[in-house]
Structures are given as structure tokens and as C-alpha cells.
Amino acid sequence: MRHDLDPLFAPFRCGSLTLANRFVMSPMTRNFSPNGVPVPGVADYYARRAHMGLVITEGVGPDHPAALGDGTTGGPALPVLHGDAALASWRTVVDAVHAAGGKIAPQLWHMGPIRLAGTGPHPDAPSLSPSGLWGPFDRAMVPPDYLAAVMAPGQPMTDDDISAVIAGYARSAANAHALGFDAIALHGGHGYLLDSFLWAETNQRTDQWGGDLLRRTGLAREVVRAIRQVIPAEKPIIYRLSQWKLQDYGAALAQTPEELGLIAGALADAGVDIFDVSTRHFDAPAFAGSDMGLAGWVGKLTGKPVMTVGGIGFDKDLASSFVEPTTTFDNLEEVSRRFAAGEFDLVAIGRAALMDADWIGKARRGEPFNPFDMSAYGRLE
Ligand SMILES: Cc1cc2nc3c(=O)[nH]c(=O)nc-3n(C[C@H](O)[C@H](O)[C@H](O)COP(=O)(O)O)c2cc1C
């Protein structure tokens, strides 16, 4: 047994959410939901990981016609959280995770400008973005043919579009609450819809939804507020925030800690309880002059619990692992060191948890991890 990891196996509490340990399964799109309905194997897949403190599901489309379509990680079989068939299937997932002693949150994910027009459950719905822009690209995590097809300029969202999106998030969050999900997670990063409002490159609006940093958080704040109206005050809302974008893996939403504090502080004031801070490398210094990672900064600036993620268990980050040989790598000592220093409260595991359902058990027992295997992305194990 590796007793140096014991502190990471201590419980965590936030509102009505009590977790058995500090590990979280990071949201990962799986494409096993034809017509938006998770296939029966999805319940077992998540239940096998229920010994992690919290499972955050793959991105799930909120109830809005342009939420889903072909994307970089998924196509025709992405799940939704509305309609009898999808809700019945999600109920079996929630029940299976609970029966295994775990906790689960759905990740609501509106693709916004990253959705390929003409695809998804409502191909006629135009893809939505704040200003009809896809943003500049540099080291885009998107294949060239997809890039060429997806970045055509569109129309800026109308006020009606914005109201419909907010209402769709609220309907799906209410459904999730009714099914017994333990928290609601929002995909607010990676260049998708909420992030495209935060990012100046994609949000060039001059109305109430655009302008300075604070105003650009307006849509995310309204979505959080609308969700809070339909779920109990003590059920946590988890918000994924990132500097990086699918359009540009090196992008920076906040250039300084002050800018980061403005964005995260506004979201916290609107009702975000936990920040899921998505980085390429969990231990990369976020700003010059300190070795603290981005999650540590968000926690310090908001006083809210924070989750770190990025590169735990492998020698390569997510994008590099698509194109370079990737091997397992035990960097838990650094995770423990930073956790002990109070840099973050929760530790999310992505690819490692996909390759190896018992990754955290193996970590604790000091056993070797499964090797990296891209074909696992296509299997439900
Ligand atoms: C196959 C795959 C699908 C993913 N899908 C999502 C997703 O739906 N939502 C999301 O926020 N992040 C998604 N991610 C990113 C992961 O949640 C995680 O942030 C990233 O893989 C970095 O963590 P890691 O280095 O531990 O893998 C996905 C990653 C992978 C490998």
C-alpha cells in the first residue's frame, strides 16, 4: 500500500455532495448513445469507476437543437438529457453508480461554434456562436478537413437564441436532478459555447453579452443562475474552466491572475460551487513568478473548492497522446505534494481512468497501470 496517497483517500464535502475520496473521473465523450440514449453497457461502465469519489459523465447535450452534432471527439451517438428514452436510460446509470457506492454528475455540453453544421439530431439547426466567429486557430486540436468545414462564419446569436439556450440548460438540469444525479457539471471550457462567450476572439458583441471580461461571463452566469432556480441550493454546480481551446491549444483566456480572478469570481458569485480547472498539465505554472498550477490560482482567487486535471498517469498530455507514443507515468508524488500544499481539493483522472477502470486502486496498491491504447477510446470497458 502507498500510504503517501492516504490524504487523497480522505472524504470531501460540498453542500449535499459527500465524496468518499478526492478522485474524480474526468468527463469523456464516448459515442455510445444512438439517438441520444445511452446503451445498457454505459451503466456498468460508469459503475466500474464508482469507487472514484465522483464520476462526471461524458458531455451530454442540453435540451437545445444546436447543442450537439459531429465534434472532434464524437459524432452521431452523443447522449442527451431529455425525452423519455434517454431519461430512463440515465436513471439506470445513476442507480448503478449509487448501488456501487459512488456519486455521479452529468456534464452539460453545448458545442456552440465547434459543432459541425448540418450534423447531429437536428441537422437543420444552425450552429451557434456569440459573433458568428470560430476564432483564430493555432495548433487546433481538430483535423484539417474538419477545421475547413467547421470554421465558416455564421450569424451572431440573437437574444431569442440566447434565451432558448439558457432555458434548455435549465430543463436538462431539472431532469438530471429528478433522476438523482448528485451534482450538475457544466462544460465551460475548450472553446465550446459557454467558453466562446468568455473568449474575446469569439465574442465581439457590443450588447449586454459582450464587451469587457466581466460582461463576457454573462451567458455563463445566466446559465448557472437558471440551473440554480431548478435544483436545490445545496446541490453543487461544477464549472469546467480552461485557458486552452479546441481552436488553439495554446490560447489564454486570462493573461494575468487579476483577469482570472474577474472571470472565476463572477462565476462563483453567480452560484458555481466547485471549479473543474482543465489544463494540459496539472502541474504547469499558470503565471510567471509562481509554480502554482491554474487550479490553485482559481481556488486562491475565489475561495471555492477546485479540481485539477491534465496529464496525470501519462508522460504526454491529451493532444500529444493523439500523435506521439504515450507511456504510463507515475506522477502521483507531485499530485500528493501539491494537494498537501493546499493547491487543490479534487484530482480528476481522464485517459488513465478510461484505460483502467481500477486505476486509483492500482495507484494505492502500487501496482502497474495498463498501457496507453488509443483503441480503448472506441470500447466501452
Ligand atoms: C476520449 C476523450 C473524450 C473527452 N471528452 C470530453 C468531454 O466530453 N468533456 C470534457 O470536458 N472533456 C473531455 N475530454 C477531456 C478530459 O476530460 C480531460 O480533461 C483530458 O483528457 C485531460 O486529462 P488526462 O490527461 O487525465 O487525460 C475528453 C478526453 C478524452 C481522452
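All ligand and atom numbering here is 1-based and tracks the order in the structure.
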Original post:
Has Gly311 got any heavy atom lying under 4.0 angstrom from an atom of ligand 1?
Top reply: yes
**OP:** Below 4.0 angstrom from a heavy atom of Gln107, which ligand 1 atoms are there? Numbered from 1 as shown, please.
**Re:** 7 (C), 8 (O), 9 (N), 10 (C), 11 (O)
Original post:
Against heavy atoms of Gly59, which atoms of ligand 1 measure under 4.0 Å?
Top reply: 8 (O)
Original post:
Judged by atom type as modelled, is there a donor-acceptor pair below 3.5 Å linking the side chain of His122 to the main-chain atoms of Asp124?
Top reply: no
**OP:** Drop me the distance from Glu259's CD to Leu301's CG, to the nearest 0.5 angstrom.
**Re:** 12.0 Å
Original post:
Hey, does the side chain of Ser290 reach the backbone of Met292 with a donor-acceptor pair shorter than 3.5 angstrom?
Top reply: yes
Original post:
Quick one: nearest non-hydrogen protein atom to atom 23 (O) of ligand 1, plus distance?
Top reply: Val309 CG2, 3.6 Å
Original post:
So which protein heavy atom does atom 18 (C) of ligand 1 come closest to, and at what separation?
Top reply: Ser26 OG, 3.6 Å
N/O donor to acceptor pairs below 3.5 angstrom from side-chain atoms of residues 134-152, sequence neighbours left out:
residue	atom	partner	partner atom	Å
Trp134	NE1	Pro113	O	3.1
Tyr146	OH	Asp70	O	2.8
Tyr146	OH	Ile114	O	2.5

Original post:
Does His190 come within less than 4.0 angstrom of ligand 1, counting non-hydrogen atoms of the residue?
Top reply: yes
Subject >> Heteroatom distance test (Arg351, ligand 1): nitrogen or oxygen, under 3.5 angstrom >> reply: yes
Original post:
How close does the nearest protein non-hydrogen atom get to atom 26 (O) of ligand 1, and which residue and atom is it?
Top reply: Gly350 N, 2.9 Å
Original post:
When you measure from atom 21 (O) of ligand 1 to every protein heavy atom, which one gives the shortest distance, and what is it?
Top reply: Leu318 CD1, 3.6 Å
Original post:
Sub-3.5 Å donor-acceptor pair from the side chain of Asp195 to the main-chain atoms of His190, do we have one?
Top reply: yes
Original post:
Got the closest protein heavy atom to atom 12 (N) of ligand 1, with its distance?
Top reply: Arg240 NH1, 3.1 Å
Original post:
Taking the six-membered ring for Trp, are Trp359 and Phe23 parallel (under 30°), tilted (30 to 60°) or perpendicular (over 60°)?
Top reply: perpendicular
**OP:** Evaluate the ring pair (Phe, Tyr, Trp, His ring centres under 6.0 Å) criterion for residues Trp109 and Tyr192: first the C-alpha distance (whole Å), next the side-chain angles of each, then the deciding distance (0.1 Å), finally the verdict.
**Re:** CA-CA 8 Å; Trp109 174 45; Tyr192 294 108; 5.4 Å; yes
Original post:
Counting from 1, what ligand 1 atoms have a heavy atom of Tyr377 closer than 4.0 Å?
Top reply: 31 (C)
**OP:** Give the residue and atom name of whichever protein heavy atom lies nearest to atom 5 (N) of ligand 1, and the separation in Å to one decimal.
**Re:** Thr29 N, 2.9 Å
Subject >> side-chain contact (heavy atoms from CB on, under 4.5 Å) between Leu219 and Ile166, worked out >> reply: CA-CA 8 Å; Leu219 177 64; Ile166 296 169; 3.7 Å; yes
Subject >> Residue His187 vicinity, atoms of ligand 1 by number, heavy atom under 4.0 Å >> reply: 9 (N), 10 (C), 11 (O)
**OP:** Indicate whether the side chain of Thr327 and that of Asp315 have a donor and an acceptor atom separated by less than 3.5 Å.
**Re:** yes
Original post:
Which protein non-hydrogen atom lies closest to atom 17 (O) of ligand 1, naming both residue and atom, and how far is it?
Top reply: Pro27 O, 2.6 Å
Original post:
Can you tell me the protein heavy atom closest to atom 29 (C) of ligand 1 and the distance?
Top reply: Met28 CG, 3.6 Å
**OP:** State the NZ-CG distance between Lys304 and Asp273, to the nearest 0.5 angstrom.
**Re:** 5.5 Å
**OP:** Say whether Trp109 and ligand 1 are in contact under the criterion: heavy-atom distance to a ligand atom below 4.0 Å.
**Re:** no
